[in-house]
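What you see is a predicted model; the values in this text were computed from it and never measured.
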Amino acid sequence: MKTKILKPSAKSISQAAKILCAGGLVAFPTETVYGLGANALNAKAVSKIFKAKGRPSDNPLIVHVSSIEQVPSLVKKIPNNAKVLMNKFWPGPLTLVLSKSPEIPKIVTAGLDSVAIRMPAHKVALELIRAVGFPLAAPSANLSTTPSPTNALHVFEDLHDRISLILDGGSVRIGVESTVLDLTGRTPTILRPGAVTLEQLRKVLGKVKVHKAVHGVKSKVAKVKSPGLKHKHYSPKAKVLLFTGARAKALAKIRKEKSALEKQGFKAGIISISSPKALAKSVFKKFREFDTQGVHFILVAGVEEKGIGFAVMNRLKRAASKEIKA
Ligand code: AMP
Ligand code: MG
């Protein structure tokens with residue numbers, strides 16, 4: 001299958017809409033990472049996403065809408081706190097997990113009774129969803145386990161023989177996936193940290209928990225609420241070593257480790273961006289660049305687990321084979 005990469009325009013968006021209406025797949029930009037979309041109400045179309053990505057069928061997808069008005073038919077009930085959050089953070093990088101209506105095919109939610117929904121803050125994504133008139137199920141547009149795609153070229157690298165169209169909206173603004181917040185239990189619970197931060201959510205909701213699987217990534221959690229957390233994710237081919245603790249000490253350790261590795265004949269790359277926001281924006285891109293260069297080890301300096309730093313550190317910990325505390 002030949003893959004076209006088109007700049008967004010009225011013409012290319014209508015071409016994309018045609019593919020989606022016919023039950024096909026289209027990759028499109030969002031503010032977080034690129035998504036691979038299909039008609040969320042068409043089980044056969046959604047099954048193509050799992051096939052193209054090599055995604056395990058027990059990992060549910062996020063349903064993307066272009067307006068709050070689209071939500072009621074997708075869920076059993078919209079709790080008050082969900083209304084407040086939609087009004088405050090949508091469009092934006094916040095995914096809400098609510099109890100699902102029968103409208104949503106089982107394949108989308110991997111058999112769960114809940115469905116994850118968000119409205120992306122990206123003109124192209126919103127125009128595309130409006131053009132088709134149905135919600136789009138869309139995970140990140142990469143092969144399962146590789147770093148999430150933050151530009152159209154990344155999508156092409158992973159999926160070029162598997163999908164027919166990529167809408168190229170340039171580099172994304174945020175760079176890590178959305179915050180996933182479960183509202184089906186008694187206390188709102190973060191299942192995946194993202195750019196809408198724990199601190200922001202607590203300000204609005206009061207009590208907000210962080211699911212233990214977010215912290216204990218490598219522990220075997222028998223029954224995870226967010227099945228995505230048990231899968232390997234975000235990994236470059238190179239081994240990632242994460243250096244945490246006081247920054248100056250961590251940087252000194254990184255330099256020492258790099259020269260030790262190079263003496264043994266290994267290629268090593270360093271990521272030492274200190275701004276959590278800037279690190280979020282470029283970490284997946286750096287992973288891919290180092291892989292292209294054939295680097296064996298990527299040495300990363302951690303950032304404080306606060307604000308968006310919590311999201312970046314979550315991805316880094318999941319990608320890392322080892323955490324070294326300075
Ligand atoms: P991705 O689409 O690749 O960004 O991954 C979507 C994430 O949302 C996965 O980690 C899923 O586990 C999570 N997710 C999607 N639907 C649900 C749901 N119904 N309940 C809990 N988590 C969900
Ligand atoms: Mg993903």
According to a hydrophobic-cluster definition based on side-chain heavy atoms being under 4.5 Å apart (Ile, Leu, Val, Met, Phe, Trp, Tyr only), do [X] and [Y] belong together?
| X | Y | value |
| --- | --- | --- |
| Phe287 | Phe297 | no |
| Phe156 | Leu25 | yes |
| Leu36 | Val172 | yes |
| Phe28 | Ile13 | yes |
| Val63 | Ile68 | yes |

Closest non-hydrogen atom pair between [X] and [Y], with its separation:
| X | Y | value |
| --- | --- | --- |
| Ile78 | Ala82 | CG2-CB, 3.8 Å |
| Leu94 | Arg118 | O-CB, 3.3 Å |
| Gln200 | Ala195 | OE1-O, 3.5 Å |
| Ile308 | Thr197 | N-CG2, 3.6 Å |
| Leu98 | Pro79 | CD2-CD, 3.7 Å |
| Pro236 | Ala319 | CD-CB, 4.4 Å |

Distance (rounded to the nearest 0.5 Å) between [X] [atom1] and [Y] [atom2]:
| X | Y | atom1 | atom2 | result |
| --- | --- | --- | --- | --- |
| Asp161 | Met1 | CG | CE | 8.5 Å |
| Ile117 | His64 | CD1 | NE2 | 11.0 Å |
| Thr95 | Leu183 | OG1 | CG | 11.0 Å |
| Arg192 | Arg318 | CZ | CZ | 9.0 Å |
| Ser272 | Ile254 | OG | CD1 | 7.0 Å |
| Glu289 | Ile298 | CD | CD1 | 10.0 Å |

Checklist entry - Is the CG atom of Asp113 crowded by more than 12 outside heavy atoms at less than 6.0 Å? => result no
[X] vs [Y] side-chain heavy atoms within contact, under 4.5 Å:
| X | Y | value |
| --- | --- | --- |
| Leu6 | Gln15 | yes |
| Val108 | Lys100 | no |
| Met86 | Leu96 | yes |
| Lys83 | Asn80 | yes |
| Pro139 | Ile62 | no |
| Ile324 | Leu299 | no |
| Ile163 | Val155 | yes |
| Glu103 | Leu41 | yes |

Quick check against the 3.5 Å criterion: does [X] have a side-chain atom that pairs as donor or acceptor with the backbone of [Y]?
| X | Y | value |
| --- | --- | --- |
| Thr189 | Lys209 | no |
| Asn314 | Phe310 | no |
| Asp168 | Ile5 | no |
| Ser282 | Lys285 | no |
| Lys267 | Gln293 | yes |
| Thr179 | Val196 | yes |
| Arg202 | Val208 | yes |
| Lys207 | Pro188 | no |
| Lys48 | Gly23 | yes |
| Ser12 | Lys7 | yes |

Checklist entry - Between Ile271 and Leu316, is a side chain to side chain contact (heavy atoms under 4.5 Å, CB included) present by the stated rule, with each step listed? => result CA-CA 11 Å; Ile271 302 177; Leu316 285 172; over 6 Å; no
Item to check | Worked verdict on Arg315 versus Phe284 for side chain to side chain contact (heavy atoms under 4.5 Å, CB included) | outcome: CA-CA 9 Å; Arg315 308 306 191 273; Phe284 290 141; 4.1 Å; yes
Checklist entry - Quick one: do the Glu177 and Ser140 side chains pair a donor with an acceptor below 3.5 Å? => result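 The criterion, which ignores hydrogens and geometry beyond distance, is not satisfied for Ser140 and Glu177.
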Checklist entry - Cut-off 3.5 Å, side chains only: do Ser178 and Thr32 have a donor facing an acceptor? => result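 The criterion, which ignores hydrogens and geometry beyond distance, is not satisfied for Thr32 and Ser178.
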Charged N to carboxylate O under 4.0 angstrom, [X] versus [Y]?
| X | Y | answer |
| --- | --- | --- |
| Glu257 | Lys322 | no |
| Glu157 | Arg288 | yes |
| Lys203 | Glu199 | no |

Checklist entry - side chain to side chain contact (heavy atoms under 4.5 Å, CB included) between Val71 and Trp90: does it pass, once the steps are laid out? => result CA-CA 12 Å; Val71 179; Trp90 283 11; 3.7 Å; yes
Checklist entry - Name the one of Glu323, Lys325, Lys317 that satisfies side chain to side chain donor-acceptor pair (under 3.5 Å) with Thr244? => result Glu323
Determine all donor-acceptor pairs shorter than 3.5 Å in which one atom belongs to a side chain in residues 126-137; sequence neighbours excluded.
none

Checklist entry - Where do Lys258 and Ile270 land on the side chain to side chain contact (heavy atoms under 4.5 Å, CB included) test, with the steps shown first? => result CA-CA 8 Å; Lys258 185 171 192 274; Ile270 294 178; 3.4 Å; yes
